Each structure stands twice: as C-alpha cells, then as structure tokens.
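What follows is a set of notes on a single structure, which appears directly below.
Every chain is numbered from 1 and lettered A, B, ... according to where its sequence line falls, protein lines coming before strand lines. Since the structure is predicted, the reported quantities are computational estimates derived from the model, not experimental observations.
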There are 2 protein chains.
Amino acid sequence: MSGTRRRFRREGEAQRQGDLIAAALDLIAAGGPQAATVRAIAERAGVTPGLIRHYFHTKEDLIAAAYASFVEQMTADHRATLDGTTLDPMARLARFVSLSLSPPLTDARTVGLWAGFIHLVQRDQHMRAIHERGYHAFRDELQMLIADALAAAGRPAEPARLRAEAIACNALIDGLWLEGSVLPEDFAPGELSRLGLEKIGALLGLPLRDHAEADG
Amino acid sequence: MSGTRRRFRREGEAQRQGDLIAAALDLIAAGGPQAATVRAIAERAGVTPGLIRHYFHTKEDLIAAAYASFVEQMTADHRATLDGTTLDPMARLARFVSLSLSPPLTDARTVGLWAGFIHLVQRDQHMRAIHERGYHAFRDELQMLIADALAAAGRPAEPARLRAEAIACNALIDGLWLEGSVLPEDFAPGELSRLGLEKIGALLGLPLRDHAEADG
DNA sequence: CCGGTAATTCTGCAAGCGTATAATTAGTTG
DNA sequence: CAACTAATTATACGCTTGCAGAATTACCGG
C-alpha cells in the first residue's frame, strides 16, 4: 500500500553491531538510560527497530554489549597512548595521570555514560563483572607505574604499601575526574591535570612534571 | 460496580510530599531512574497515582524535589554531626573525612542515587544549580576545616593554595567514596576511612587521627 | 540472468507510561 | 447531624515501549 519500501544495504554483523552499540552509547550519554529506546537506537544507527533483535537477542543484551564496549574502549585508549612510547617510569606515570584528567576521559560524555550504567552494574552480575575487570585493570596499571617510578627513584615499596598508594592515587584521579567532568566550568583548562600531577607527586614523594601537548 | 473503594486517611501536605519523595528516592536508588514510574512511586508511598499530581504539578517536578531533598539531606547530615561538638580543628577535619567515607554516605544507595540524577543534572539547569550548590557547600566546608587545621598547626595558608588543597582533598574523598560505594567488597571495613585520613594527612602535612566509634 | 539465503523492513500487539478529570470520601465547621 | 471543602481514589485516554512474526529485498553463487 504505502508504495516503496525503504532502501537498505546489507552490512556485516560486526559493522551493524558496532553501529547499534555506538548509537546506544550516544543516546545514553546524552539523555540517560531512558533515552536509549529500541526505536531511538535504530533511528540513530540508520536502521529500523526490528534489526536490533536480529543481532541481539534482547535489548538488555545490546545494553550489556554497549557497556562492555565502553569499558574496553576506555582502558584501551588509555593503554594505547602509553604503549610504544619510550618514556622513563616517572614520565610514564605523569602521562597516565595527565591523560586521565583530560578529554576524552574527563568529559561530560564519559561521566554520563559511567553514571548511566551504574544501576545496572549494581544489580546485574554480568555487568558487575565487566565493571570490576575494567576498574582493576586501571588500578593495576596505575600500581605498576607507581612501582616503577618509585623503584627508579631508588625508593622501592613493598606490596602492601604499594596497594595503598595505588588506591589513594586512583581515588585522587577519580575524584578530580568526577568533578572536572560534571562541573567543567569550575576549573581552568589544564588545572585538573596540573593539580593531579602535583598532588600525586606529593603523595608519592616524586616530582611529577607535565610534558603534554602544547600549552598557550 | 467494583464494590468498595479503597480506604484512606487524609494527611498534611508536608507528610505526603515527604512520603512521595522518599518513595521516589528509594526506587531510583534501587533500580535507576527507569524504576521511578508514577505508579511505582505511588504504590511505595501507599497512595494511588493520581495523588502525585495533586501535590506536584508534574512528575518532573517531583523528581526535581526529590533531588533537592537528597542533596540537602546529604550535606545536612554531614554538618549536623560536626556541629555541637567541641573538637579541636584537626579532630574536626578528621571527623569530616571519616564521616564521608562511612555509611550512609559511602554506600551503594547514595552512589546509586547520585548516578541516577547525573544526566538530569547535566541537562536541566535547575537540577544543575542544585548540584552546584551542594557540591560547593561540601567543598567550602572542607576548605574551612583545612584552613582551621593548618592555622592551628601554625602553618596558615593563603587563599589560592587553600583552594587547591581543598579541591585535592575533596577529590581524594570523592574518589574513595566512589570506589568504596560501587565495589565495597574490595575494601576491608574501615579501610577507606583509614586510607582517607592517612593520605589527606600526607597531602596537608598534618597527622590526622581517627577517633570514631568503636573498632573491633 | 536466475534462484537461494538471510539481512532488513514492515506491521501489529499487549503492556506500561504520564496525564487529565470526574467521582468519592474523610475530616471540619456550624 | 448536615453542609462544605479538599484530599484521595478511580477511570480513561493517547502515546510509547519492547517484542514478535510475516513480508520483502539486497546480495551471492551458479
């Protein structure tokens, strides 16, 4: 009756799943979990709603996949910028801190996504496992960087103290991340990175210096 | 037709509004914003859905009121436990830190509520104002405590440095709060408070000691 | 150029959503 | 005890939601 059907192109499974996941993440970041309806996700991904259930058994499955993708990309980006560089341990630690406290990590979108998934993390065991893995990966990497930096400074630390330092430094980063992401106008550009480096340096007794990209 | 109508008691405006707000907060904490439907809120508050629109012009209004109540209670609880005590400045600061890193503040419910409102805070200007006020109240109080503690230790700090210290200490608290609330099983009981006191003490160069309630 | 396959669209449904409004009932006042 | 008022319930409406299944169409191998 309604004349012509909508034209479409066939795509690979990976491509379409990726599009749908990206669309879901965009919507959750912008409008919270409520905004990620199957219809909205499909429209943003450029397909019709029915296709979602061709690639995901249920909407909940898509959301879980989106969360896994989000966590993985967060840590992957982080690691990628650190690997392949030939910095000394202290510079690597400084870079890690600086990266954590700048976009795209410190950003309204990231914190919005993080918050949008929290209640799922608290209730769904699968989501919780994903979260736990990501969090521990982040903290473990930070702990290794701290260990290397302390060792390079001639002050190696025993495991128990190392764990405490990592938790504290991680908390400092997370706190600055939170505040800078939710109320960005409260802080001058680069202030968060500077503060993070200075205070983490103070906690560890290491003079951390920023050597990031150009500064005006 | 359906026989008897439901029995009810008339209540004051404050009481009913409070009940509805409490119900909304419970639901958001447990199941995220999605769970706080008008029907669910009404059922939990022991009334029928229509009553919500007798006390709030729209559901959005109720949610905004709930958020304001949440933020206010968070800071009020905090302040109340500190006022009326005759502790020296350093003990007051220690108490502030310790309170922030124990239930009910450091708790799955609180972080669940906080996260559940974030996307509203980011989009709605009214919500944003509420958030900003609460955040600044918390940080300003912390800053005053730090100022007093430093002054009492004979090392008063100038405003600019004081602001930086407050932001950093606040971030450390927030980070520990976040991690302890989302993954409580990662930390031993009291570990967060201990860590917070130790590391904030290290940042400020003050020996903060815990003198909270009994310890096993 | 012609089938076959599965990726994609389309249509529809039952349930739940927020909201509007009329009907009732509890409590107050004289 | 009867009238009055406002708190509360009840009912209904239009819209959206996630999901299901049938119909179509793009692409691939012959």
> Which class fits the ring pair B/Y135 and B/H131: parallel under 30°, tilted 30 to 60°, perpendicular over 60°?
Replying inline: parallel
What integer distance in Å separates [X]:[atom1] from [N]:[atom2]?
X	N	atom1	atom2	answer
B/R6	D/dA7	CZ	P	18 Å
A/K59	D/dA20	NZ	C1'	17 Å
B/H57	C/dG18	NE2	P	16 Å
B/I63	C/dG18	CD1	C1'	12 Å

>> Can you work out whether B/R7 or B/Q34 has the more 5'-proximal nearest nucleotide on DNA chain C?
In response: B/Q34
> Got a donor-acceptor contact below 3.5 angstrom from the A/T75 side chain to the A/E72 backbone?
Replying inline: yes
> Does B/S98 use its side chain to pair, donor to acceptor, with the backbone of B/A94 at less than 3.5 Å?
Replying inline: no
> Does A/R5 get its side chain close enough to the base of C/dT9, under 3.5 Å, for a donor-acceptor pair?
Replying inline: yes
> Can you list the residues that meet the side-chain hydrogen bond (donor to acceptor under 3.5 Å, both in side chains) rule with B/E11, with sequence neighbours excluded?
Replying inline: B/R9
Mind listing the side-chain donor-acceptor pairs of residues 188-197 of chain A below 3.5 Å, one per line with the distance, residues two or more places apart or on another chain?
from, atom 1, to, atom 2, distance (Å)
A/E191, OE1, A/A188, N, 2.8
A/E191, OE2, B/R163, NH1, 2.6
A/S193, OG, A/S102, OG, 3.4

>> According to ring pair (Phe, Tyr, Trp, His ring centres under 6.0 Å), who are the partners of A/F96, at least two apart in sequence or on a separate chain?
In response: A/H78, A/F138
> Has A/T58 got a side-chain N or O lying under 4.0 Å from the OP1 or OP2 atom of D/dG18?
Replying inline: no
> Phosphate oxygens OP1/OP2 of C/dT8: is one of them under 4.0 Å from a side-chain N or O of A/H54?
Replying inline: no
> Which parts of residues 10-17 of chain A get close to DNA chain C, meaning a heavy atom less than 4.0 angstrom away?
Replying inline: A/R10, A/E11, A/R16
> Near DNA chain C, which residues from residues 37-53 of chain B have a heavy atom under 4.0 Å away?
Replying inline: B/T37, B/V38, B/R39, B/R53
>> I need the minimum non-hydrogen distance between A/G116 and A/I28, along with the two atoms involved.
In response: CA-CG2, 4.4 Å
> For A/F56, which contact category applies under a 4.0 Å heavy-atom criterion: base, sugar-phosphate, or nothing?
Replying inline: nothing
>> Walk me through whether B/Q73 and B/L25 qualify under side chain to side chain contact (heavy atoms under 4.5 Å, CB included).
In response: CA-CA 12 Å; B/Q73 178 168 343; B/L25 289 177; 5.9 Å; no
>> I want to verify a distance call: between C/dT9, D/dA7, C/dT19, whose nearest atom is closest to the B/Y55 side chain?
In response: D/dA7
Could you pull out all donor-acceptor pairs under 3.5 Å where a side-chain atom in residues 34-55 of chain A meets a protein atom, sequence neighbours excluded?
from, atom 1, to, atom 2, distance (Å)
A/T37, OG1, A/A40, N, 3.1
A/R44, NH1, A/D26, OD2, 2.8
A/R53, NH1, A/H57, O, 2.5

